[in-house]
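Here is how names work: the chains are called A, B, and so on, in the same order as the sequence lines, proteins then strands, and each is numbered from 1.
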Protein chains: 2
Amino acid sequence: MREKLPVNQILQGECVEIMRTLPDECIDLIFADPPYNLQLGGDLHRPDNSKVSAVDAEWDQIGDHDDYDLFSCAWMEEARRILKPNGAIWVMGAYHNIFRLGTFLQDMGFWIMNDVIWRKTNPMPNFKGTRFTNAHETLIWAAKTKDAKPTFNYAAMKALNDGVQMRSDWVLPICSGGERIKASDGKKAHPTQKPEALLHRVLLATSDPGDIILDPFFGTGTTGAAAKRLGRKYIGIERETDYVQVATERLEAIRPAADQSLAVTRSKRAEPRIPFGNLVERGMVKPGDMLYDSKGKRTARVRADGSIISGRVEGSIHKVGAEIQNAPSCNGWTFWHVRKKGGLMPIDTLRAEIRAAMEA
Amino acid sequence: MREKLPVNQILQGECVEIMRTLPDECIDLIFADPPYNLQLGGDLHRPDNSKVSAVDAEWDQIGDHDDYDLFSCAWMEEARRILKPNGAIWVMGAYHNIFRLGTFLQDMGFWIMNDVIWRKTNPMPNFKGTRFTNAHETLIWAAKTKDAKPTFNYAAMKALNDGVQMRSDWVLPICSGGERIKASDGKKAHPTQKPEALLHRVLLATSDPGDIILDPFFGTGTTGAAAKRLGRKYIGIERETDYVQVATERLEAIRPAADQSLAVTRSKRAEPRIPFGNLVERGMVKPGDMLYDSKGKRTARVRADGSIISGRVEGSIHKVGAEIQNAPSCNGWTFWHVRKKGGLMPIDTLRAEIRAAMEA
DNA sequence: GGAGGATCTGAATCCGACA
DNA sequence: TTGTCGGATTCAGATCCTC
């Protein structure tokens, strides 16, 4: 006998308690974007002195590693119980928390299918120049058990990716502009709203129409929105009254796609930019090598970081080319050459080799 | 007294045992790409039983204590011991092992600076069509402690990336073609040889010339190759005789880049500090001269001691600039200008003249 | 209306030398 | 160790504003 599930609803409360009210093995897919437990220091200002709005919500303050581990294991154990035998889970995070989440998944017997990288086209920069731009987040897709056969719509993913296999790195912009939900005061309703395109791809890849999707950290309901559009059923769990309110209104306004093939969005495939430094890293040009202009008169020396130096002028291939010509600008790719078998070859030829290899 | 380290050598043996022979706090940077295709009871045995039980006691909260976790904690503890206080570690892996490695790093007190994604331009496709193409691997860059100040050549990374911040996702091809080392039978000498371009970027970003780089899973010596080219010292540890042999020959053939080419773009923080008072002392700015913001609206008057005064606000060029803008901070060198031939010139230009004179 | 410039913002573990 | 203070630090994209 089948109990009646609260589908297409938002259940308000602590996710572990709410999940306990659900029967065993009733959910097809879980998508979870839990608090990251960021441990931020003081205020952070941009170089223009404006202040960065921190993720300082009370719900993200879990505590130290031990507290976070207890919290994580509690909800993940319940999640595992309510998953169908061939069900699967997606868990999302950043370096602060994703390693712990992945370890717990493995320890509980989940079987990782892929880790997927969300490469952000427009991440927030590192304002103080202390680290690499934190330009991605990680998602883990795991089956309930090693032997489970979770849904994977391989052909749909291939179609979505212009006919080649979908890779484990997804290039998508962050949620901003009109998609970003504003509160009545005009400020963002939720500090970490995810783009619907991300959930679209997750649900299209690993669920079927009619499936029941649970999101235990529902927030403003992005998972529900994508589910409703794609003809899936959702169950949302959210603790904060404000978010429940926003998500309810949001979902009310969404109409499922009449023809679901129309709902397939295409990802932008950005032409890869090749920095000159790549030629150095790849050994096509070596630190200390000389570059020449087309007549072999002017020279510059390559450094290990891809900058070049000519006399007292140093900088990028473009900047140095411009300065030694006393020109406003210069395309270093065509200006500079390497000596090759007696002749001179523009470095643009080397760049073309890299691009050709990337295409193949 | 300083012990003599076995630099630019390959030490053959189990990495934990070899690391034990090294003194505390002697290594600047560790790069570790540990094996992960391990079977329980397989070819990777515990370093020694006494050590394992100690680790066992210390890490009993982790969960499943299979041999892989014990092995990982054992080598990472040794790695931590021999790292200098401001040292750092890179650990590399895929979803099979990287989550465990990241968790252990955090639990041991390492402080994650970034996780970095190596996005492969030419990954192996997924033949069965049951998952996404596994097109990336993950690297974790972590400092020894939360308060450590590991080396990060921010400006060099920016130069290497054509003038924009280096991001946490690195697009590089897998190691193939001529770079891939073949054994005498024509087959690849090592199953997971890493591209030298990857190590080039790692070492350029987080070490300086002369630093000592340890790789406890040396394999065919890619870390050593990049280190030698870039003027770093390396210590390689490798268990398999065949790999030691291949790596030895490989490293012998490599010629380092000339010293002058190892210089990379320096950050401004590393420039010599010039007090504003120097400009006054040298007569480039005179007591009583007026300073202006870029629009000529706000003004301040220079005093003989290099302080400035604007209305009732007085102090350094930075402090006054910040206060009259009501900003948390201000770079007075770029904020303030002097009148020159009808136009306004930032006082930073005058500072640059002094620095150029100091260089000459 | 449109072009172009100014402004704003996004899951952020974000300074360092010297007294 | 702690406090002070000099001064270094940002990319893409959406929206708003001006001409």
Side-chain angles (χ1 to χ4, degrees), chain A residues 33-57 59-61 64-65 68 92-98 118 120-138 173-180 182 186-188 190-195 217 219 268 270, chain B residues 86 106 110-115 142-143 146-147 149 152 154-155 158 161-168 266-277 306-307 315-322 327-336 347-348 351:
Chain A
D33 181 23
Y36 290 9
N37 199 27
L38 297 181
Q39 290 162 35
L40 306 179
D43 288 348
L44 178 65
H45 293 90
R46 298 184 181 81
D48 65 3
N49 273 328
S50 62
K51 190 177 161 194
V52 176
S53 74
V55 178
D56 54 3
W59 51 257
D60 198 54
Q61 315 292 317
D64 59 15
H65 286 324
Y68 191 76
M92 176 167 186
Y95 65 85
H96 316 79
N97 67 329
I98 194 63
W118 170 26
K120 303 178 185 182
T121 57
N122 47 352
M124 194 186 313
N126 181 289
F127 295 117
K128 302 296 185 189
T130 54
R131 305 180 178 200
F132 299 102
T133 307
N134 204 347
H136 74 276
E137 292 188 38
T138 301
I174 60 174
C175 181
S176 66
E179 188 187 346
R180 191 82 190 218
K182 306 292 191 299
K187 294 182 176 166
K188 57 191 176 188
H190 192 287
T192 69
Q193 186 185 340
K194 296 299 177 291
F217 306 97
K268 271 189 289 184
Chain B
N86 284 320
Q106 289 182 313
F110 285 99
W111 191 248
I112 297 180
M113 303 293 292
N114 280 110
D115 59 337
K146 179 177 179 179
D147 299 319
K149 301 291 174 198
F152 182 54
Y154 173 76
K158 192 168 170 175
N161 196 34
D162 271 0
V164 293
Q165 285 190 344
M166 186 68 80
R167 300 166 39 116
S168 58
R266 264 199 313 183
S267 77
K268 287 191 186 170
R269 277 195 246 268
E271 297 280 326
R273 203 173 71 79
I274 311 281
F276 177 68
S307 67
S316 72
I317 51 173
H318 315 294
K319 185 184 163 203
V320 173
S329 71
C330 169
N331 184 342
W333 290 106
T334 52
F335 181 76
W336 294 112
I347 56 176
D348 203 28
R351 181 173 64 163

**Report entry** Flag side-chain contact, heavy atom, 4.5 Å: Tyr36(A) against Val55(A)
**Finding:** no
Query raised in the report: Just to confirm, is there a sub-4.0 Å distance from OP1 or OP2 of dG6(D) to any side-chain nitrogen or oxygen of Ser316(B)?
Result: yes
Report task. Provide the distance between the two P atoms, one in dT9(C) and one in dT9(D), to the nearest whole Å. Result -> 24 Å
Query raised in the report: Across the strands shown, which category fits Thr133(A) at heavy-atom distances under 4.0 angstrom: base, sugar-phosphate, nothing?
Result: nothing
Query raised in the report: Got Glu137(A) and Met92(A) here, is their nearest side-chain heavy-atom distance under 4.5 Å?
Result: yes
Requested in this report: Write down the distance between CD (Gln193(A)) and C1' (dA11(C)), rounded to a whole number of angstrom.
Outcome: 13 Å
**Report entry** Atom-to-atom span, CZ of Arg266(B) to P of dT9(D) - whole angstrom
**Finding:** 12 Å
Query - Contact under 4.0 Å: Thr334(B) side-chain N or O vs dA8(D) OP1/OP2 - result: no
Report task. Please examine the side chains of Val164(B) and Lys158(B), heavy atoms only from C-beta on, and report whether any two atoms are closer than 4.5 Å. Result -> no
Query raised in the report: Of the non-hydrogen atoms in Phe152(B) and Thr130(A), which two are nearest, and what is the gap between them?
Result: CD2-O, 3.2 Å
Report summary line: Looking only at dG7(D), dA12(C), dT10(D), the nucleotide nearest the Tyr154(B) side chain is dT10(D)
Query raised in the report: For atom P, what is the distance between dG16(C) and dT10(D), given to the nearest Å?
Result: 14 Å
Requested in this report: Can you see which heavy atom on Asn97(A) is nearest to which on Tyr68(A), and at what distance?
Outcome: ND2-OH, 2.9 Å
Query raised in the report: OP1, OP2 of dG7(D) versus side-chain N and O of His318(B): anything below 4.0 Å?
Result: yes
**Report entry** Nucleotide nearest Arg46(A) when distance is taken to its side chain, options dA11(C), dG7(D), dT10(D)
**Finding:** dT10(D)
Query raised in the report: Just to confirm, is there a sub-4.0 Å distance from OP1 or OP2 of dT9(C) to any side-chain nitrogen or oxygen of Arg180(A)?
Result: no
Tabulated below should be each protein N or O lying under 3.5 Å from an N or O of nucleotides 14-17 of chain C; please produce it.
unit_1: dC14(C); atom_1: O4'; unit_2: Thr130(A); atom_2: OG1; d: 2.9
unit_1: dC14(C); atom_1: O2; unit_2: Asn126(A); atom_2: OD1; d: 3.4
unit_1: dC14(C); atom_1: O2; unit_2: Phe127(A); atom_2: N; d: 3.1
unit_1: dC14(C); atom_1: O2; unit_2: Lys128(A); atom_2: N; d: 2.5
unit_1: dC14(C); atom_1: N3; unit_2: Phe127(A); atom_2: N; d: 3.1

Query raised in the report: Roughly how far apart, to the nearest Å, are dA11(C) and dT15(D) at atom P?
Result: 15 Å
Query raised in the report: Syn or anti: how is dT4(D) classified when any glycosidic angle within 90° of 0 counts as syn?
Result: anti
Query raised in the report: At under 4.0 Å, does any side-chain N or O of Lys51(A) touch on OP1 or OP2 of dT9(C)?
Result: no
Report task. Please measure how far the C1' atom in dT18(D) lies from the corresponding atom in dG1(C), and state the result in whole Å. Result -> 13 Å
Requested in this report: Sticking with atom P, work out how far dC18(C) lies from dA8(D), rounded to a whole angstrom.
Outcome: 15 Å
Requested in this report: Only counting residues at least two apart or in another chain, list the ones meeting side chain to side chain donor-acceptor pair (under 3.5 Å) with Arg46(A).
Outcome: Ser50(A)
**Report entry** Base dA8(D) to side chain Ser329(B), donor-acceptor N/O within 3.5 Å cut-off
**Finding:** yes
Query raised in the report: Is DNA chain D part of any stem, that is, at least 3 consecutive Watson-Crick or G-U pairs with both distances under 3.5 Å, and where?
Result: C:2-10 with D:11-19, C:15-19 with D:2-6
Query raised in the report: Rounded to whole angstroms, how far apart are CG on Asp48(A) and C1' on dG10(C)?
Result: 13 Å
Query raised in the report: In whole angstroms, how far is the P atom of dG10(C) from the CG atom of Asn134(A)?
Result: 16 Å
Query raised in the report: When all nucleic acid strands are considered with a 4.0 Å heavy-atom cut-off, which category describes Pro195(A): base, sugar-phosphate, or nothing?
Result: nothing
**Report entry** Backbone of His96(A) reached by a side-chain donor or acceptor of Gln39(A) within 3.5 Å
**Finding:** no
Query raised in the report: To the side chain of Lys120(A), which of dA11(C), dT10(D), dG7(D) is closest?
Result: dA11(C)
Requested in this report: Please answer whether the main-chain N or O of Pro125(A) pairs with a side-chain N or O of Arg167(B) as donor and acceptor at a distance below 3.5 Å.
Outcome: no
Query raised in the report: Do any side-chain nitrogens or oxygens of Lys188(A) fall under 4.0 Å of OP1 or OP2 in dG10(C)?
Result: yes
Query raised in the report: Would you say Asn331(B) reaches dA8(D)'s phosphate, i.e. side-chain N/O to OP1/OP2 under 4.0 Å?
Result: yes
Query raised in the report: So, is Arg167(B) near the phosphate of dA12(D), with a side-chain N or O under 4.0 Å from OP1 or OP2?
Result: no
Requested in this report: Could you tell me whether the side chain of Lys187(A) reaches within less than 4.5 Å of the side chain of Ser53(A), counting heavy atoms only?
Outcome: no
Query raised in the report: With Ser168(B), which of Arg131(A), Lys120(A), His136(A) fulfils side chain to side chain donor-acceptor pair (under 3.5 Å)?
Result: His136(A)
Query raised in the report: Would you say the side chain of Trp59(A) lies within less than 4.5 Å of the side chain of Pro191(A), judging by non-hydrogen atoms?
Result: yes
Query raised in the report: Taking atom P of dT13(C) as reference, at what distance in whole Å does atom OH of Tyr36(A) sit?
Result: 12 Å
Query raised in the report: On a whole-Å scale, what distance lies between the P atoms belonging to dA12(C) and dC5(D)?
Result: 31 Å
Requested in this report: Using a 4.0 Å heavy-atom cut-off across all strands, classify Gly178(A) as base, sugar-phosphate, or nothing.
Outcome: sugar-phosphate
Report task. For Phe217(A) and dA11(C), give me the distance from atom CZ to atom P, rounded to whole Å. Result -> 18 Å
